[in-house]
Student: 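Below is a structure I'd like to ask you about.
Both counts, for ligands and for their atoms, begin at 1 and track the order of listing.
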Amino acid sequence: MMALLEVEDLHVAYGKIEAVKGISFAVEQGQIVTLIGTNGAGKTTTLRTISGLLRPSAGKISFEGKPIHSVPAHRIVQLGLAHSPEGRHIFPRMTIEENLLLGAYLRKDQKVGEDMAKAYAMFPILGERRSQAAGTLSGGEQQMLAIARALMCKPRLLMLDEPSMGLSPIMMQLIMTTIQELKSAGTTILLVEQNAQAALSLADHGHVLEVGRIALSGRGSDLMHDEQVRKTYLGEE
Ligand code: ATP
């Protein structure tokens, strides 16, 4: 079966500094694939390159079998690849509803209202507060809004960068449950996380990034039980 997303020998540099040094992985339809690793490993750089916000210095990225590494970012969104960035980047002075509409601005179909209703059904707090400024939401609620906004472009692949960052344990659990629900509803997800435990417990497949290279790959459940992963990323002796 052809993978939905295929990354082959990807290299990305900031000037002379190579942040991603030849990584390869694939995401199959319906899977959750996670990239874990410490600060600076190259996870965000990888997602931003897939989204077309950065250009690779070498390598290939294919989406549904077609190369996308030279395609402009707005076209990549139209192809069905949505990116919920690290730090959420919601627009705090705009209402929740306006933030959601921005997620749909490239759509030309008439079903935006239907999908807005779905977003409110999934995250009732967003519906209750739809006319309020997004900046009044808590951190966890803003993360919900960032995910809901990414879903408003009806993605074939949803990329989430550190969705648990800065959240309380309860909110983090809620976000992880949401990701599991999205998968059950058929959404394919590429998840970047520093919270390795949470990410691996959800993922079909995981890749451990270390300074721009994939150090280890495997099924989420296998990596969770790997001794090296447990020591390095799950804080166990
Ligand atoms: P984090 O969890 O901290 O975001 P990460 O795994 O996502 O870590 P990246 O943000 O992709 O890592 O960073 C990879 C490397 O590239 C790091 O060494 C970082 O300092 C460097 N880097 C990231 N952004 C830039 C930039 N705009 N200019 C120069 N170097 C950068």
Side-chain angles (χ1 to χ4, degrees), residues 5-27 32-61 63 68-70 72-73 76-77 81-90 139-140 142-143 146-147 149-150 155 157-169 171-173 175-176 179 189-203 205-218 220 223-224 226 228-235:
L5 177 77
E6 188 138 22
V7 172
E8 292 169 75
D9 197 23
L10 185 71
H11 292 251
V12 191
Y14 297 100
K16 285 187 179 157
I17 299 166
E18 198 171 41
V20 172
K21 304 172 184 175
I23 67 170
S24 302
F25 64 93
V27 183
I32 297 182
V33 172
T34 189
L35 306 178
I36 60 169
T38 49
N39 270 339
K43 307 180 298 294
T44 297
T45 301
T46 302
L47 287 201
R48 288 176 61 79
T49 310
I50 296 170
S51 285
L53 299 168
L54 295 170
R55 290 283 166 232
S57 46
K60 195 172 161 193
I61 305 170
F63 187 60
I68 58 164
H69 45 268
S70 310
I76 291 180
V77 177
L81 231 150
H83 184 171
S84 174
E86 186 176 11
R88 304 170 200 131
H89 294 278
I90 58 143
Q142 289 188 18
Q143 185 59 59
I147 295 175
R149 181 182 57 188
L157 175 69
L158 176 63
M159 299 200 291
L160 301 174
D161 195 350
E162 303 266 7
S164 77
M165 191 165 67
L167 302 187
S168 67
M171 265 302 171
M172 193 200 81
Q173 192 48 52
I175 294 295
M176 291 300 158
I179 295 171
I189 297 169
L190 178 57
L191 171 65
V192 156
E193 260 296 339
Q194 275 196 42
N195 186 330
Q197 174 88 41
L200 292 174
S201 68
L202 290 180
H205 221 79
H207 303 280
V208 181
L209 255 70
E210 275 175 16
V211 282
R213 291 198 170 86
I214 292 183
L216 198 61
S217 299
L223 287 181
M224 216 156 70
D226 181 273
Q228 197 55 42
V229 172
R230 295 190 77 83
K231 270 194 198 148
T232 315
Y233 298 99
L234 306 180

Student: Looking only at side chains, do S57 and H11 share a donor and an acceptor under 3.5 Å apart?
Tutor: no
Student: Please identify which atoms of ligand 1 are closer than 4.0 Å to at least one heavy atom of E162.
Tutor: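 Heavy-atom distances to E162 below 4.0 Å select 2 (O).
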Student: Is any side-chain heavy atom of I189 closer than 4.5 Å to a side-chain heavy atom of L160?
Tutor: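 Side chain of I189 against side chain of L160, heavy atoms only: contact under 4.5 Å found.
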Student: Do protein heavy atoms approach atom 26 (C) of ligand 1 to less than 4.0 Å?
Tutor: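 When distances to the protein are checked, atom 26 (C) of ligand 1 has a heavy atom within 4.0 Å.
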Student: For atom 15 (C) of ligand 1, tell me which residue out of A19, G15, A13, G42 has the closest non-hydrogen atom.
Tutor: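 Checking each option, the heavy atom nearest atom 15 (C) of ligand 1 is found in A19.
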Student: Less than 4.0 Å from atom 20 (O) of ligand 1, is there any heavy atom belonging to the protein?
Tutor: no
Student: For R48 and ligand 1, answer yes if some heavy atom of the residue is under 4.0 Å from a ligand atom, otherwise no.
Tutor: no
Student: Under a 3.5 Å threshold, yes or no: a donor from one side chain and an acceptor from the other, between S24 and E8?
Tutor: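 No, no side-chain donor-acceptor contact under 3.5 Å.
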Student: Can you check whether L216 reaches L223 side chain to side chain, under 4.5 Å on heavy atoms?
Tutor: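 Heavy-atom side-chain distance check passes, below 4.5 Å.
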Student: Nearest heavy atom to atom 13 (O) of ligand 1: which of I36, L54, T45 does it belong to?
Tutor: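 Minimum heavy-atom distance to atom 13 (O) of ligand 1 goes to T45.
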Student: Can you name the atoms of ligand 1, numbered from 1 with element, that are less than 4.0 Å from a heavy atom of A41?
Tutor: 5 (P), 6 (O), 12 (O)
Student: Are E193 and T34 close enough that a side-chain donor and a side-chain acceptor fall under 3.5 Å?
Tutor: no
Student: Need the ligand 1 atom indices (1-based, order shown) with element for anything under 4.0 Å from a heavy-atom of Q194.
Tutor: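 Under 4.0 Å from Q194, ligand 1 has these atoms: 2 (O).
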Student: Would you say the side chain of Q194 lies within less than 4.5 Å of the side chain of T38, judging by non-hydrogen atoms?
Tutor: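 No, too far: nothing below the 4.5 Å cut-off.
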Student: Less than 4.0 Å is my threshold; does some heavy atom of T38 fall inside it relative to ligand 1?
Tutor: yes
Student: For atom 10 (O) of ligand 1, what's the nearest protein heavy atom and its distance?
Tutor: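 Among all protein heavy atoms, the one nearest atom 10 (O) of ligand 1 is T44 CB, 3.7 Å.
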Student: Only heavy atoms of N39, strictly under 4.0 Å: list the atoms of ligand 1 that pass.
Tutor: 1 (P), 2 (O), 3 (O), 8 (O)
Student: Contact between E86 and M165 at the side-chain level, heavy atoms closer than 4.5 Å - yes or no?
Tutor: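 Yes; the side chains approach each other to less than 4.5 Å.
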Student: Answer yes or no: is there a side-chain heavy-atom contact under 4.5 Å between L190 and L158?
Tutor: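 No, their side chains stay 4.5 Å or more apart.
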Student: Can you sort out which atoms of ligand 1 are near E86, meaning under 4.0 Å from one of its heavy atoms?
Tutor: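 Those qualifying, in numeric order: 4 (O).
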Student: Below 4.5 Å, heavy atoms only, C-beta onward: do L202 and M176 meet side chain to side chain?
Tutor: yes
Student: If you have a sec, work out which protein heavy atom is nearest atom 22 (N) of ligand 1 and how many Å separate them, to one decimal?
Tutor: Y14 CE1, 3.3 Å
Student: List the closest protein heavy-atom neighbour of atom 18 (O) of ligand 1: residue, atom name, distance to the nearest 0.1 Å.
Tutor: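 Ranking protein heavy atoms by distance from atom 18 (O) of ligand 1, first comes G40 O, 4.0 Å.
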